[in-house]
2 protein chains.
Amino acid sequence: MTASKPQPRPCSIADALGVVGDKYALLVLRETLFGVRRFDAIARNTGAPRDILTARLRKLVEAGVLEKVPYQDRPVRYEYLPTKAGRELQPVLLLLKEWGDRHLAQTPPLVWEHDCGADVSARICCRACGEELRRGSVTPHYQVPGWSLAGPVEE
Amino acid sequence: MTASKPQPRPCSIADALGVVGDKYALLVLRETLFGVRRFDAIARNTGAPRDILTARLRKLVEAGVLEKVPYQDRPVRYEYLPTKAGRELQPVLLLLKEWGDRHLAQTPPLVWEHDCGADVSARICCRACGEELRRGSVTPHYQVPGWSLAGPVEE
DNA sequence: CGACAGGGTTTGATTTTCCTACTCACCGAC
DNA sequence: GTCGGTGAGTAGGAAAATCAAACCCTGTCG
């Protein structure tokens, strides 16, 4: 009788996707990071319906990814700025862009240039040892009561 | 009369999100990368309804992220393996995990250990110059006909 | 034989999304 | 002063996606 409703795996990836894991959230963040911060422009550039955009913006503000700031009074108008947490999602966008460019066979419309003059290609390294992270060099450890890597553990 | 339906910004981030930008796709991929590759186990660990999971798995196979492979005949049973393209999404999961751990105030249930013995903390560097990518050191360039960084350009 | 495992499909209710139109507050031109 | 435009949404209703639970099919085990 204890196993009434099996819960999914507790996981911070799932938590993060609860915030940005839908069709528009990351596109909205992309726009704000591009400097496009007003409702109408975000709606146009992402293609999000206006009511959905209203809901997403509210959710992202509540989650601390965006901040809603008035930029004029009379009439009061707001813009949406990425917070620190929002800016820390930029690498996720960069990786998705690179993955999309590599695997989705579209002409890459967007190039990100690094200060050094090169087009950005991300190299993901271990902060501790400096080595590039490769397939197989990273091992997940999963120690949550009642769970293993494979799934829930019966006691 | 030409501007009947304004298209959203063409962007490989949007293309990538067309494949993995929903509630379950990346959780399904997470499971396959954890070694959980069978329908029932993926359904249990992600919490996805079975019919939705069926649809997602099909979409991910079509997109070339997963591969559907029989692991026995009589009765034939399938498992889902990440392809090369699927494995290349692992860094996205790693970044989402780190972001979730940092900003969503849950005990991090999952630790990824690098070969060097340290818990993985990703450092994202420019492949060309080796410097760590920082806020402000990356500039998007957007050269698509009819578009600028800010939005569509009227001609 | 009946029970179970694995991988789904079906059904019907609930929830979200989408599209179009409308509002409200103000500004600037006529 | 009122007409038109801008910015940021709301409102209404149709269409699509999601959800939970039950069902199905193939084959194996006891």
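Just so you know, these numbers come straight off a predicted model, no measurement behind them. In what follows, every chain begins at residue 1, and chains take the letters A, B, ... in the order their sequences are listed. Just the heavy atoms: all of them, side chains too, but no hydrogens, waters or symmetry mates, feed the values below.
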Using whole Å, what does the distance between atom [atom2] of nucleotide [N] and atom [atom1] of [X] come to?
{"X": "A/Arg77", "N": "C/dC27", "atom1": "CZ", "atom2": "P", "result": "10 Å"}
{"X": "A/Lys23", "N": "C/dC18", "atom1": "NZ", "atom2": "C1'", "result": "9 Å"}
{"X": "A/Gln72", "N": "C/dC27", "atom1": "CD", "atom2": "P", "result": "9 Å"}
{"X": "B/Asp22", "N": "C/dT17", "atom1": "CG", "atom2": "C1'", "result": "14 Å"}
{"X": "A/Tyr78", "N": "D/dG9", "atom1": "OH", "atom2": "C1'", "result": "11 Å"}

Next on the checklist: Could you measure the distance from the NZ atom of B/Lys97 to the SG atom of A/Cys11? Nearest 0.5 Å is fine.
Outcome noted: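 Going from NZ on B/Lys97 over to SG on A/Cys11, the span is 8.5 Å.
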Next on the checklist: As an exercise, state the distance from CG of B/Leu93 to CG of B/Leu89, rounded to the nearest 0.5 Å.
Outcome noted: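 The CG atom of B/Leu89 is 7.0 Å from CG of B/Leu93, to the nearest 0.5 Å.
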Item to check | Donor-acceptor under 3.5 Å (B/Ser137 side chain, B/Leu133 main chain) | outcome: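 Checked: no pair found.
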Which atom pairs, one a donor and one an acceptor, fall under 3.5 Å between side chains of residues 57-74 of chain B and the rest of the protein, sequence neighbours left out?
residue: B/Lys59; atom: NZ; partner: B/Gly18; partner atom: O; Å: 3.3
residue: B/Gln72; atom: NE2; partner: B/Pro75; partner atom: O; Å: 2.9

Item to check | Neighbours of DNA chain C within residues 32-58 of chain A, by heavy-atom distance under 4.0 Å | outcome: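 Contacting residues: A/Pro49, A/Asp51, A/Ile52, A/Arg56.
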Does [X] put a side-chain nitrogen or oxygen below 4.0 Å from OP1 or OP2 of [N]?
{"X": "A/Tyr80", "N": "D/dG7", "result": "no"}
{"X": "B/Tyr24", "N": "D/dA17", "result": "no"}
{"X": "A/Tyr71", "N": "D/dA8", "result": "yes"}

Checklist entry - Can the positive tip of B/Arg9 be found less than 6.0 Å from the middle of the six-membered ring of B/Tyr142, inside 45° of the ring normal? => result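 Checked: cation-pi criterion met.
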Checklist entry - Salt bridge or not for A/Asp22 and A/Arg56, using N-O below 4.0 Å? => result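 Looking at A/Arg56 together with A/Asp22, the answer is yes, because their closest N to O distance falls below 4.0 Å.
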